[in-house]
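What follows is a single structure, written as structure tokens, with notes after it.
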Amino acid sequence: MSLPPSLTLRGVQIYQQALDRAAQEALLEDLRAVQRAAPLFSPETRFGRKMSVQMTSAGKYGWYSDRRGYRYERRHPSGVDWPPIPQAVLELWHRITGLDRTPDCCLVNFYREGARMGLHQDRDEADFSWPVLSISLGDDGLFRIGNLERGGPTESIWLQSGDVAVLGGEARLLHHGVDKIRAGSSTLLAQGGRINLTCRVVD
DNA sequence: GAGTGCCA
DNA sequence: AAGG
């Protein structure tokens with residue numbers, strides 16, 4: 001029993017303003033604790049190029065990339081365990097997806113002005129029948145949704161602070177990415193930028 | 001602005 | 001190629 005989305009784009013379910021301002025601020029406070037335990041870093045692609053997005057994770061696994069490729073790791077690159085996923089994130093996951101299963105990973109992506117993420121698929125998980133849930137905080141981000149195969153036409157939507165998107169079912173393996181951050185569009189983060197949380201069942 | 005190709 |  002999951003909630004109905006306010007909007008669907010290519011099967012991606014979008015719940016606009018699923019979090020009010022107070023909930024966003026509370027989440028931000030939780031994220032400060034996550035970042036203290038597991039500081040942000042910019043991973044390298046397998047060709048040694050640093051990604052413009054900074055990231056960290058919470059949960060049993062964190063997403064990681066270096067010259068050896070993409071994967072989930074049980075520890076932050078510093079060697080410490082990833083901190084626990086904030087309770088408010090877990091509650092939102094269960095409220096929106098209606099699932100009993102708890103996510104193994106909450107990836108925290110931080111986009112400063114000019115940071116982008118190219119079109120890609122989330123396919124480092126063992127079972128694609130579990131959805132991926134995404135929470136937007138801070139400045140607006142231009143989210144682009146493509147196809148199951150590389151190439152072809154795409155559609156874009158501006159995601160705002162408090163919006164939640166779910167890639168599940170037929171949309172689970174769609175290519176997607178972030179083309180642009182609209183600096184100064186939100187007052188949530190004093191220093192500006194966009195935070196995106198993505199929750200996943202890994203194994 | 002969007003889509004395609006291509007790089008190593 | 002989760003980049004340019």
Side-chain angles (χ1 to χ4, degrees), chain A residues 9-12 14 31 34-35 38-78 82 85 89 103-128 130-160 163-168 171-183 185 193-203:
Chain A
L9 189 59
R10 297 195 169 204
V12 177
I14 298 166
L31 291 177
V34 168
Q35 291 181 43
L40 293 169
F41 58 95
S42 284
E44 290 185 357
T45 66
R46 64 177 295 251
F47 297 98
R49 189 183 292 270
K50 270 214 159 77
M51 295 173 61
S52 59
V53 174
Q54 294 176 282
M55 56 180 69
T56 187
S57 292
K60 178 180 174 188
Y61 294 105
W63 190 82
Y64 190 71
S65 171
D66 61 15
R67 290 176 197 77
R68 296 190 304 142
Y70 310 138
R71 60 192 181 275
Y72 284 96
E73 291 281 1
R74 308 215 46 150
R75 292 169 186 244
H76 183 270
S78 68
W82 304 104
I85 298 176
V89 173
D104 298 313
C105 172
C106 175
L107 176 59
V108 180
N109 284 151
F110 180 57
Y111 296 77
R112 295 185 190 279
E113 184 178 5
R116 296 178 296 161
M117 190 170 292
L119 281 175
H120 68 280
Q121 292 174 297
D122 287 11
R123 54 178 318 141
D124 302 314
E125 302 77 28
D127 183 349
F128 301 139
W130 298 109
V132 172
L133 179 141
S134 149
I135 305 168
S136 295
L137 295 171
D139 285 336
D140 301 349
L142 185 56
F143 185 60
R144 184 149 133 195
I145 305 170
N147 306 282
L148 293 174
E149 302 293 328
R150 254 181 157 268
T154 64
E155 292 179 88
S156 298
I157 181 172
W158 283 98
L159 294 179
Q160 296 182 302
D163 289 353
V164 171
V166 177
L167 280 76
R172 174 63 177 77
L173 288 171
L174 288 180
H175 286 262
H176 58 280
V178 175
D179 284 340
K180 190 170 180 61
I181 301 303
R182 192 146 59 191
S185 52
R194 171 176 186 260
I195 295 174
N196 184 61
L197 308 179
T198 48
C199 297
R200 303 184 180 79
V201 173
V202 173
D203 61 7

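The structure displayed is predicted, hence computed values, not measured ones. So you know, we letter chains A, B, ... as the sequences are listed, proteins then strands, and number each from 1.
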Below 3.5 Å between N/O atoms, which protein atoms pair up with nucleotides 1-4 of chain C? Just atom names and distances, please.
| unit_1 | atom_1 | unit_2 | atom_2 | d |
| --- | --- | --- | --- | --- |
| C/dA2 | OP1 | A/Tyr70 | OH | 2.9 |
| C/dA2 | O5' | A/Tyr70 | OH | 3.4 |
| C/dA2 | O4' | A/His120 | ND1 | 3.4 |
| C/dA2 | N6 | A/Trp63 | NE1 | 2.8 |
| C/dA2 | N6 | A/Asp124 | OD2 | 3.4 |
| C/dA2 | N3 | A/His120 | NE2 | 3.4 |
| C/dG3 | OP1 | A/Gly118 | N | 3.2 |
| C/dG3 | OP2 | A/Gly118 | N | 2.7 |

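At a threshold of 4.0 angstrom between heavy atoms, the contacts of A/Pro153 are confined to the sugar-phosphate backbone, with no base atom among them. At the heavy-atom level, A/Gly152 lies under 4.0 Å from the strands shown only through sugar-phosphate atoms.
With sequence neighbours left out, the side-chain contact (heavy atoms from CB on, under 4.5 Å) criterion links A/Leu148 to A/Leu173, A/Leu174. The side-chain contact (heavy atoms from CB on, under 4.5 Å) check on A/Gln35 picks up A/Leu31, A/Leu40, A/Thr56, with sequence neighbours excluded. In this view, A/Glu113 satisfies the salt bridge (Lys or Arg N to Asp or Glu O under 4.0 Å) rule with no residue, not counting sequence neighbours. Under the side-chain contact (heavy atoms from CB on, under 4.5 Å) criterion, A/Ser65 pairs with A/Pro43, A/Trp63, A/Tyr70, not counting sequence neighbours. Partners of A/His76 according to the ring-ring contact (aromatic ring centres under 6.0 Å, His included) rule, which considers only residues two or more places apart in sequence or in another chain, are A/Phe41, A/Trp82. Listed by chain and number, the residues in a side-chain contact (heavy atoms from CB on, under 4.5 Å) with A/Arg74 are A/Lys60, A/Tyr61 (sequence neighbours excluded). Looking at residues two or more places apart in sequence or on another chain, you find a salt bridge (Lys or Arg N to Asp or Glu O under 4.0 Å) between A/Arg172 and A/Glu125.
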Parsed dot-bracket for DNA chain C after applying the Watson-Crick and G-U rules with both distances under 3.5 Å and | for other-strand partners is ..||
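Evaluation of the side-chain hydrogen bond (donor to acceptor under 3.5 Å, both in side chains) test over residues 41-55 of chain A, restricted to residues two or more places apart or in two chains, returns A/Glu44-A/Arg67, A/Gln54-A/Arg112. The stretch residues 148-159 of chain A participates, sequence neighbours left out, in these side-chain hydrogen bond (donor to acceptor under 3.5 Å, both in side chains) pairs: A/Arg10-A/Glu155, A/Arg144-A/Thr154.
Interatomic distance, CG of A/Leu9 versus CD1 of A/Ile157, reported as 6.0 Å (0.5 Å rounding).
The span of DNA chain B lying next to chain A, judged by atoms under 4.0 Å from heavy atoms, is bounded 5' to 3' by B/dG3 to B/dT4.
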